[in-house]
Amino acid sequence: MDPFIWIVREIDPFLIAPYRLMADPAWAWWLGTSVLCLWCTLLGEFTLGIVYRVNKRFIKERNEEMVMRHNQAMAALRSGDKDIYTGANKLASEAFGKGFFLQLAMGMSSLWPAFLGAAWLQERFSDVLVPVPILTVEVNWLAAYVVLYILVRVLFSRF
């Protein structure tokens, strides 16, 4: 058996608990999935914290190099030496790129739990169309999950 599927099945009792808090199945799905999104967000932020802590020195070095190269380029520009400015600016751009992609990679480390949540939802609700409260439409579980996950991430970032 795929280890990923095994993990999803092992944590099933924990993940399904919020879905059993309400009698109405539609509202229970929305509540349970909102809680799932919150758990995914918290686990992602925890992962990001670990990744940041492990890479803290490297991040600091990248930022210091970027600032140093930028300052060198600006000093060359003020002195009127175009050749030195061009070279220093190129090095500053490279340092910025390294720092940017490091930050991007670290940010991606916070998203892996969302895929775990989607895998669990696929196992549980693959054939279910989810009724949207107040409206008279139904949507695929994945569409509803993505919208809820984004909403939870945005709300979480505000607090």
Side-chain angles (χ1 to χ4, degrees), residues 1-67 69-70 89-159:
M1 177 184 291
D2 182 9
F4 192 72
I5 298 300
W6 177 82
I7 290 170
V8 167
R9 289 189 180 152
E10 288 298 312
I11 62 175
D12 182 73
F14 174 74
L15 296 178
I16 199 66
Y19 290 83
R20 296 184 173 144
L21 295 176
M22 300 183 86
D24 182 303
W27 285 104
W29 191 91
W30 287 98
L31 173 67
T33 305
S34 296
V35 171
L36 175 66
C37 291
L38 180 61
W39 287 337
C40 290
T41 299
L42 292 173
L43 184 56
E45 290 298 311
F46 178 73
T47 304
L48 180 60
I50 290 171
V51 169
Y52 180 79
R53 190 169 185 87
V54 168
N55 290 301
K56 189 175 181 178
R57 185 183 54 93
F58 190 67
I59 293 166
K60 184 179 180 221
E61 289 171 2
R62 291 289 71 80
N63 288 338
E64 288 173 354
E65 180 186 3
M66 184 175 57
V67 169
R69 299 296 185 191
H70 172 74
N89 193 48
K90 182 179 179 189
L91 292 173
S93 294
E94 287 177 11
F96 174 79
K98 289 176 184 177
F100 174 78
F101 285 107
L102 174 63
Q103 294 290 336
L104 186 65
M106 287 179 41
M108 292 298 116
S109 72
S110 70
L111 296 178
W112 74 267
F115 296 100
L116 181 66
W120 180 77
L121 285 170
Q122 173 68 27
E123 285 284 310
R124 276 292 190 154
F125 301 104
S126 63
D127 298 330
V128 174
L129 286 177
V130 181
V132 178
I134 303 168
L135 303 176
T136 57
V137 297
E138 294 179 333
V139 295
N140 179 288
W141 67 268
L142 183 58
Y145 174 66
V146 168
V147 169
L148 273 177
Y149 182 76
I150 291 169
L151 181 64
V152 168
R153 291 291 301 197
V154 168
L155 291 173
F156 183 82
S157 72
R158 304 273 184 216
F159 297 103

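- Across all non-hydrogen atoms, the minimal contact from Ala92 to Met66 is O-CG, 4.5 Å.
- Within the 3.5 Å criterion, the main-chain N or O of Ile7 finds no donor-acceptor partner in the side chain of Trp120.
- Going from atom SG of Cys37 over to atom CG of Leu42 covers 11.0 Å, rounded to the nearest 0.5 Å.
- Listed here is the closest heavy atom pair of Gly44 and Pro113: N-CG, 3.5 Å.
- Across every non-hydrogen atom of Ala26 and Pro131, the tightest pair is CB-CG, 3.5 Å.
- Residues Ile59 and Met106 form a side-chain contact, since some pair of their non-hydrogen atoms from C-beta on lies under 4.5 Å apart.
- Between Tyr19 and Val35 the shortest side-chain heavy-atom distance does not fall below 4.5 Å.
- Residues Glu138 and Val128 have side chains not in contact (no heavy-atom distance under 4.5 Å, counting atoms from C-beta outward).
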For the pair Phe156 and Glu45, evaluate side chain to side chain contact (heavy atoms under 4.5 Å, CB included) and give the outcome as yes or no after the intermediate values. CA-CA 10 Å; Phe156 183 82; Glu45 290 298 311; 3.4 Å; yes

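- To the nearest 0.5 angstrom, Thr33 atom OG1 is 11.5 Å from Arg124 atom CZ.
- Residues Leu15 and Leu36 have side chains in contact (heavy-atom distance under 4.5 Å, counting atoms from C-beta outward).
- Taking both residues in full, the closest heavy atoms of Trp27 and Asp24 are given as N-OD1, 3.1 Å, listed atom of the first, atom of the second, then distance.
- The shortest side-chain heavy-atom distance between Ile11 and Leu116 falls under the 4.5 Å cut-off.
- For the atom pair CG (Leu148) and CG (Leu38), the distance works out to 11.5 Å, reported to the nearest 0.5 Å.
- Taken to the nearest 0.5 Å, the CZ atom of Arg62 stands 11.0 Å off from the CG atom of Asn55.
- Distance check: Asp127 CG to Asn140 CG gives 10.0 Å after rounding to the nearest 0.5 Å.
- Minimum interatomic distance between Leu31 and Pro18 (heavy atoms only, all atoms of both residues): CD2-O, 4.0 Å.
- By the 4.5 Å heavy-atom criterion applied to side chains, Ser110 and Thr47 are not counted as neighbours.
- Aromatic ring pairs are classed by plane angle as parallel below 30°, tilted from 30° to 60° and perpendicular above 60°; the pair Tyr145 and Tyr149 is tilted.
- One distance of note links CD of Glu94 with CZ of Arg69; it measures 9.0 Å at 0.5 Å rounding.
- The residues Arg57 and Glu61 are annotated as salt-bridged, a charged nitrogen and a carboxylate oxygen being separated by less than 4.0 angstrom.
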